[in-house]
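In what follows, a single structure is set out as structure tokens and then discussed.
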Amino acid sequence: MNELDFMKEALRLASLAANEDEVPVGAVIIREHTIMGIGSNRNIGLHDPSAHAEINAIRDACTYANNYRIPGATLYVTLEPCPMCFCALIQARISRLVFGAADPKGGYRKFLTPSAIAAFNHQIEVTSGMMEEDCRDLLQRFFREKRERGRRKWMKESS
């Protein structure tokens with residue numbers, strides 16, 4: 001498998017989340033071309049605000065590694081991580097982050113300045129924009145369809 005395959009797997013996991021009416025974000029953690037962990041958003045299903053795709057993938061990978069740290073690992077995720085997830089990547093000592101779509105409203109880069117990121121005791125190599133259009137389209141389609149379902153429900157209830 002190559003980098004594109006790992007991001008395609010993250011997209012597949014994001015689609016599974018969408019089928020469960022969760023925000024469609026998927027994540028895959030690899031080390032030495034081996035998938036160590038996978039995750040998708042499960043906030044609603046697990047009643048857990050921390051059950052983001054990245055956190056679920058980190059938990060899975062750490063269980064696989066039998067360690068709370070996974071240096072040398074790369075996380076592929078369909079959406080730019082939020083600050084909570086980015087800090088979890090630092091705590092897990094993940095070496096590299098590859099994400100698809102930017103998140104200008106909730107992504108870590110909106111809240112963590114470059115100087116704040118540089119102050120962390122662990123640095124992560126970041127690659128953005130991998131399969132960006134596919135990742136963004138999945139999210140936009142999900143929210144467009146969710147709004148439309150809400151409108152139809154409202155129209156039905158108000159008639």
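Being a predicted model, the structure only gives us computed values, none of them experimental.
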Is there a donor-acceptor pair closer than 3.5 Å between any side-chain N or O of E22 and the backbone N or O of I44? yes
With R96, which residues qualify under salt bridge (Lys or Arg N to Asp or Glu O under 4.0 Å), at least two apart? E3, E125
Please answer: with hydrophobic residues joined when any side-chain heavy atoms are less than 4.5 Å apart, are I90 and M84 in the same cluster? no
Any chance CD of E148 has more than 12 other-residue heavy atoms, nucleotides or ligands included, within less than 6.0 Å? yes
Distance (rounded to the nearest 0.5 Å) between L89 CG and I58 CD1: 4.5 Å
Could you tell me whether K146 and D21 have a side-chain N and a carboxylate O separated by less than 4.0 Å? yes
Donor-acceptor contact present, side-chain T78 to main-chain G26, <3.5 Å: yes
Can you tell me how far apart OG (S40) and CG (N19) are? Round to the nearest 0.5 Å. 10.0 Å
C87 vs F120, side chain to side chain contact (heavy atoms under 4.5 Å, CB included): CA-CA, chis, key distance, verdict: CA-CA 9 Å; C87 289; F120 285 118; 3.9 Å; yes
Can you establish whether the number of heavy atoms outside Y68 located under 6.0 Å from its atom OH is more than 12? no
Does the side chain of L13 reach to within under 4.5 Å of the side chain of V28, using non-hydrogen atoms? yes
Supply the atom-to-atom distance I35 CD1 to D60 CG, rounded to the nearest 0.5 angstrom. 10.0 Å
Between CG on residue L75 and CE on residue M36, distance to nearest 0.5 Å: 11.5 Å
For residues E80 and S128, determine if any side-chain heavy atom of one lies less than 4.5 Å from a side-chain heavy atom of the other. no
Using the side chain to side chain contact (heavy atoms under 4.5 Å, CB included) definition, which of the options L79, D103, L11 pairs with V25? L79
L46 reachable from I55 in the ILVMFWY side-chain graph, under 4.5 Å edges: no
Do T74 and S95 have side chains that get closer than 4.5 Å, going by heavy atoms? no
Measuring only between side-chain heavy atoms, which start at C-beta, is I117 closer than 4.5 Å to F86? yes
Could you check if a side-chain atom of D48 sits within less than 4.5 angstrom of a side-chain atom of R42, using non-hydrogen atoms only? no
Please say yes or no: joined through hydrophobic side-chain contacts below 4.5 Å, possibly via intermediate residues, are V77 and I38 part of one cluster? no
Is R93 close to N121 at the side-chain level, that is, under 4.5 Å between some pair of heavy atoms? yes
Group every Ile, Leu, Val, Met, Phe, Trp and Tyr by side-chain heavy-atom contacts under 4.5 Å, then state whether L16 and V23 land in the same group. no
Using 30° and 60° as the class boundaries, would you call the ring planes of Y108 and F99 parallel, tilted or perpendicular? perpendicular
Would a 4.5 Å heavy-atom cut-off, applied to side chains only, mark Y64 and T34 as touching? yes
For a quick test of your reading: what N or O donor-acceptor pairs under 3.5 Å do the side chains of residues 130-143 make, sequence neighbours left out?
none

Any donor-acceptor pair under 3.5 Å from N41 side chain to N43 backbone: no
Between the side chain of H122 and the main-chain N/O of I94, is any donor-acceptor distance below 3.5 Å? yes
